[in-house]
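Scroll down for the structure; my scribbles are underneath it.
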Protein chains: 2
Amino acid sequence: MRRPDDKPALRVQRLAADSDGELEHDLTEEGGPAEEGLPPEVDEDTSTPESRKLHELIIQLGRYRSLRDPLHGICEDNQLTPTQIHALMWLGNDGPTHVGVLAQRIGITKKTITGVVDRLEHMNLVERGRDAEDRRAVVARLTDKGQALFHRISRSVDQGLRRVLDLLEPEDRESLFGLLERVLQRLGRSTAQAV
Amino acid sequence: MRRPDDKPALRVQRLAADSDGELEHDLTEEGGPAEEGLPPEVDEDTSTPESRKLHELIIQLGRYRSLRDPLHGICEDNQLTPTQIHALMWLGNDGPTHVGVLAQRIGITKKTITGVVDRLEHMNLVERGRDAEDRRAVVARLTDKGQALFHRISRSVDQGLRRVLDLLEPEDRESLFGLLERVLQRLGRSTAQAV
DNA sequence: TATTGTTATACTCTATAACTATA
DNA sequence: TATAGTTATAGAGTATAACAATA
């Protein structure tokens, strides 16, 4: 257990990546050799023609719709930040949650979640309480106002997704659902960290 | 042209949404009537069973991988913020760019892009210049150091996408590519704002 | 001792409003 | 007058380090 403090959500980012926390910037400075004439390695952690193609497609999409913040419009409409929206969405979906777990879901550290919950509490969207089982833990839950906002935001997200789906042919929508379900199945088999 | 100042990147978020800048929070406070027994409208801006299903699937995915910042790992590895990564990626992909256009690509305002480019300039990753045609415009471009970093980041993204693709069966990868290509075609036909 | 949160500090992001320079 | 950027200013996000309370 070498990890010094906490950086809980980061490993989640790696999906099925390497074991723990190596790779210290030693990504072969720059240039060519890794590109053409793949060495006889099993290329565990290399890009592939397909990954480059996907990369290309995503960049094309980015010319129509900014990739940085998919929730931008919703944030604007509700005068909330992306982090706040994510916090509300997870609390709405999961119910009362330890703030540490909430941090993990959102992808921030425990140091940061404190301030986020502080501000949501000031807005009367969230309440703090203590866990009776483990008196160290702080549980965050939505207030009635927060719950109502959660429903409204949730519907906005639905509408946004509907506009995305409108860009797809019915067969492509089917493909997408099937594809996502199989990814979830695979993730469920290979890990045990989902709720 | 009612728009007071600038908020350029926001409309891009709306994809094929409504005309311009309406919808002033009048989303029927909360509760029921909009849900069941759809009125005889063409429900232009409503959620659908399919959009709700997609919503559900995305939340499931979020339990395995934080949805808030897909570039988190790359940001960490390179000690850069998401905004900075996006700026470098667009400059690397598009070459020298007006900072206003860059702001649009990233999805931030012109006020914000100034500081972002400032900091990238201090890091010697980006240089500023004037456009000879329109002397008001500032052009940002990568330095050699920035170019090298761009290539490194680009490869990291490829590797990340490769790990995502590894979760898909070959047929699903095919579906995904086809689906994205058709979305891009459709976007290309319905708009003229991509490069 | 280890874990859960919080506090203090510092830097980045972000938008708003007021401004400069060019068109 | 309109447009492209910049300069304050202020609030939010973020990580690091040091700390308090509980386990």
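As a basis for the values below, the full set of heavy atoms in this structure was taken, side chains included, without hydrogen atoms, waters or symmetry mates. Bear in mind the structure is a predicted one, so any value in this text is a computation, not a measurement.
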Heavy-atom pair of closest approach, residues B:His86 and B:Leu71:
NE2-CD1, 3.4 Å
Residues in salt bridge (charged side-chain N to carboxylate O under 4.0 Å, His left out) with A:Glu56, at least two apart?
none
Could I get the full list of salt bridge (charged side-chain N to carboxylate O under 4.0 Å, His left out) partners for B:Asp158, not counting sequence neighbours?
none
B:Thr112 side-chain N/O to C:dA15 phosphate OP1/OP2 under 4.0 Å
yes
Does A:Thr109 make a side-chain N or O approach to OP1 or OP2 of D:dT14 shorter than 4.0 Å?
no
Interatomic distance, [X] [atom1] vs [N] [atom2] [rounded to whole Å]:
X: B:Arg68; N: D:dA12; atom1: CZ; atom2: C1'; answer: 12 Å
X: B:Arg136; N: C:dC19; atom1: CZ; atom2: C1'; answer: 16 Å
X: A:His72; N: D:dG13; atom1: NE2; atom2: C1'; answer: 15 Å
X: B:Glu76; N: D:dA15; atom1: CD; atom2: P; answer: 8 Å
X: B:Asp69; N: C:dC13; atom1: CG; atom2: P; answer: 12 Å
X: B:Asp131; N: C:dT22; atom1: CG; atom2: P; answer: 13 Å

Tell me which of B:Arg135 and A:Val139 sits closer to the 5' end of DNA chain C, going by the nucleotide each one is nearest to.
A:Val139
Are any protein N/O atoms closer than 3.5 Å to N/O atoms in nucleotides 6-9 of chain D? If there are, list each pair with its distance.
residue : atom : partner  : partner atom : Å
D:dT6   : OP1  : B:Arg128 : NH1          : 2.7
D:dT6   : OP2  : B:Thr114 : OG1          : 2.8
D:dT6   : OP2  : B:Arg128 : NH1          : 3.4

So, with a heavy-atom separation below 4.0 Å from DNA chain C, the residues of residues 80-88 of chain B are B:Thr81, B:Thr83, B:Gln84
Tabulated below should be each protein N or O lying under 3.5 Å from an N or O of nucleotides 9-11 of chain C; please produce it.
none

Quick one: which residue pairs count as a salt bridge (charged side-chain N to carboxylate O under 4.0 Å, His left out) with a foot in residues 137-146 of chain A, not counting sequence neighbours?
A:Glu127-A:Arg141
Quick note, A:Ile108 side chain, CB onward, closest among D:dA23, C:dA23, D:dA15 is D:dA15
